[in-house]
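Notes to accompany the following structure.
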Protein chains: 2
Amino acid sequence: MSHMVYGCLMTMDRERVLRTAAALLARKSTATMDEVARAAGIGRATLHRHFAGRDALIRALEQLGIQEFEAALDKARLDDDAASDALRRLITEMDPAADLLAFLYTENQLFEGDQINEGWARLDARVCDLFRRGQQQGEFRIDLTPAWLTEALYALVGSCAWAVMDGRVAKKDFQHMTAELLLGGARRVEK
Amino acid sequence: MSHMVYGCLMTMDRERVLRTAAALLARKSTATMDEVARAAGIGRATLHRHFAGRDALIRALEQLGIQEFEAALDKARLDDDAASDALRRLITEMDPAADLLAFLYTENQLFEGDQINEGWARLDARVCDLFRRGQQQGEFRIDLTPAWLTEALYALVGSCAWAVMDGRVAKKDFQHMTAELLLGGARRVEK
DNA sequence: ACCATATGAGACATCAACGTCTCATTCAGA
DNA sequence: TCTGAATGAGACGTTGATGTCTCATATGGT
């Protein structure tokens, strides 16, 4: 049966196209479908065969981003040991998907309430729980709300990814810059 | 002469339109010229009489943002006393313009090299100098580059403004949340 | 070598936003 | 009250991106 091979090739290609699209759209969020196709090295018609339209492409990117972020959350084992170390692990795991997440973070404002993927709420909750645990265990300061720390994590990951793309921050420093700034701000100050 | 009155009214109105446009575009960066006009309570034709086109509107917003940011930098007296306190003052002064700056920060990626206002470089340098001074005086940690701390300031101000718009952070907490997180991350840790 | 499928290139209609225009109305100052 | 400028509403034409279509070609499996 060619169905197995067909399906496999499709998903592989689909994956590759999505990666390329994410990389391009992270830099230029208004990139044309034609530009996306060229960047992926395929024709515009083929791009439309994979994704019904621009909306479908963005939604697929959103889905991919949710998957990657969720995988990062799983791999980071947020409930193990100190919250600081868990946060460090999370940032490390987020690194490969930073571009995609940065794009989705700024683009999410466009999903005007009508159709927000419920996946984000679940992921938000997991991150929020980590900060809350850190606060309850006396590791993090309590005057910064978990919701804000969560928001700050996204913002710093996104802006650091953007700074790396623009050459203002070295790629190898991504984890250190993001983690240290956020941890320094979140950690409780010993008196 | 009606010219004086005319000019005054125009600039006043222009200012008001720009404010409204900034508030709207910060939430929905793809807002139509028609939506911008409606939001400002004027007709689309009138909007075009004030600003030659969408480009001109964005450029005017950019100019306004640069002005406001520069004024904030001046009022914050970045060279006085401790760098920490100067940074706190800066964030306080940025508060009123946070929405506009948040919009411009995310929108700047669209100015693809061809026409970047040189004003930003000057402002970047002033902020960067503040962080550098803090490092040289032993107040800030030196493993985070001034360029990254500058970027982080923009990112945190922007995302906090956005969080306030969405009700995830209380408006009165803007300064505290932003300043404390950034300062905690920037400050040198006593051993 | 053959055939089915996927692909790339391009043509085409559609559509939304833009920019320009006109015209009736409103409003402020003389 | 009169007059001229500014405004709002709307009617255009234009443009750029989108989505759909066809057809020739390439590719991969048999």
Side-chain angles (χ1 to χ4, degrees), chain A residues 1-22 24-62 103 106-107 109-112 114-115, chain B residues 1-22 24-62 103 106-107 109-112 114-115:
Chain A
M1 287 282 281
S2 70
H3 262 90
M4 284 302 294
V5 180
Y6 168 87
C8 181
L9 282 179
M10 279 297 279
T11 49
M12 284 294 287
D13 214 56
R14 188 187 152 96
E15 184 93 5
R16 197 176 62 81
V17 171
L18 279 178
R19 299 281 173 194
T20 319
L24 173 61
L25 289 171
R27 292 167 190 269
K28 188 182 173 187
S29 62
T30 60
T32 293
M33 289 295 277
D34 194 85
E35 291 176 285
V36 173
R38 304 270 170 181
I42 63 177
R44 199 164 65 96
T46 307
L47 182 61
H48 270 83
R49 284 185 192 103
H50 288 332
F51 308 96
R54 190 172 226 285
D55 257 18
L57 175 64
I58 304 294
R59 291 307 163 102
L61 280 172
E62 186 183 31
F103 163 68
T106 64
E107 203 72 357
Q109 69 187 16
L110 297 185
F111 301 168
E112 310 143 3
D114 50 345
Q115 273 282 10
Chain B
M1 286 282 281
S2 70
H3 262 92
M4 285 301 295
V5 179
Y6 167 87
C8 181
L9 281 178
M10 279 298 277
T11 51
M12 284 294 288
D13 214 56
R14 188 187 152 95
E15 184 92 6
R16 196 176 63 81
V17 171
L18 279 178
R19 300 282 174 192
T20 320
L24 172 61
L25 289 172
R27 292 166 191 271
K28 188 184 175 185
S29 61
T30 61
T32 292
M33 288 294 277
D34 193 86
E35 291 175 285
V36 172
R38 304 271 171 181
I42 63 177
R44 199 164 64 96
T46 307
L47 182 60
H48 270 83
R49 284 187 192 102
H50 287 332
F51 307 96
R54 191 174 224 285
D55 258 17
L57 175 64
I58 303 294
R59 291 307 162 104
L61 281 171
E62 186 183 31
F103 163 68
T106 64
E107 202 72 357
Q109 70 188 16
L110 298 184
F111 300 169
E112 312 141 4
D114 50 345
Q115 274 282 4

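Quick note on labels: first sequence line is chain A, next is B, and so on, each numbered from 1.
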How close do A:Ile58 and A:Phe103 get, heavy atom to heavy atom, and via which atoms? CD1-CZ, 4.0 Å
Rounded distance in Å - CZ (A:Arg14) to P (C:dA6): 15 Å
Rounded to the nearest Å, what distance is computed from the CG atom of residue B:Leu57 to the C1' atom of nucleotide C:dC18? 13 Å
Have a look at the helix from C:dA1-D:dT30 to C:dA30-D:dT1 and give the angle its two end axes make, five pairs each, rounded to 10 degrees. 30°
Dump the pairs, protein N or O against N or O of nucleotides 8-15 of chain D, anything under 3.5 Å, distances to one decimal.
unit_1	atom_1	unit_2	atom_2	d
D:dG8	OP2	B:Gly43	N	2.9
D:dG8	OP2	B:Thr46	OG1	2.4
D:dG8	O6	B:Arg49	NH2	3.3
D:dA11	N6	B:Arg44	NH2	3.4

Pairwise side-chain contact, A:Val17 with A:Arg14, heavy-atom cut-off 4.5 Å (strictly under): no
Rounded off to whole Å, could you give me the CG-to-P distance for the A:Asp55 and C:dA16 pair? 13 Å
Residues passing the side-chain contact (heavy atoms from CB on, under 4.5 Å) test with A:Ala52, sequence neighbours excluded, are A:Ala56
Among C:dA17, C:dG19, D:dT18, the nucleotide that comes nearest once only the side chain of B:His48 is considered: C:dG19
OG1 (A:Thr46) and CG (A:Asp13) are apart, to the nearest 0.5 Å, by 9.0 Å
Would you list the atom pairs, donor with acceptor, under 3.5 Å between side chains in residues 32-40 of chain A and any protein atom, with sequence neighbours excluded?
unit_1	atom_1	unit_2	atom_2	d
A:Thr32	OG1	A:Glu35	OE1	3.3
A:Asp34	OD2	A:Arg38	NE	3.2
A:Glu35	OE1	A:Thr32	N	2.7
A:Glu35	OE2	A:Lys28	NZ	3.1

Can you name the nearest heavy-atom pair linking A:Thr30 to A:Arg54, along with the distance? C-NH2, 3.9 Å
For the residue pair B:Phe51 and B:Leu18, establish whether any side-chain heavy-atom pair is separated by less than 4.5 Å. yes
Between D:dA6 (P) and B:His50 (NE2): distance, integer Å: 10 Å
Using atom CE of B:Met33 as one end and atom C1' of C:dG19 as the other, report the distance to the nearest whole Å. 9 Å
Can you tell me how far C1' of C:dG19 sits from CZ of B:Arg54, to the nearest Å? 13 Å
Nearest heavy-atom contact between A:Ser29 and A:Glu107 is CB-OE1, 3.8 Å
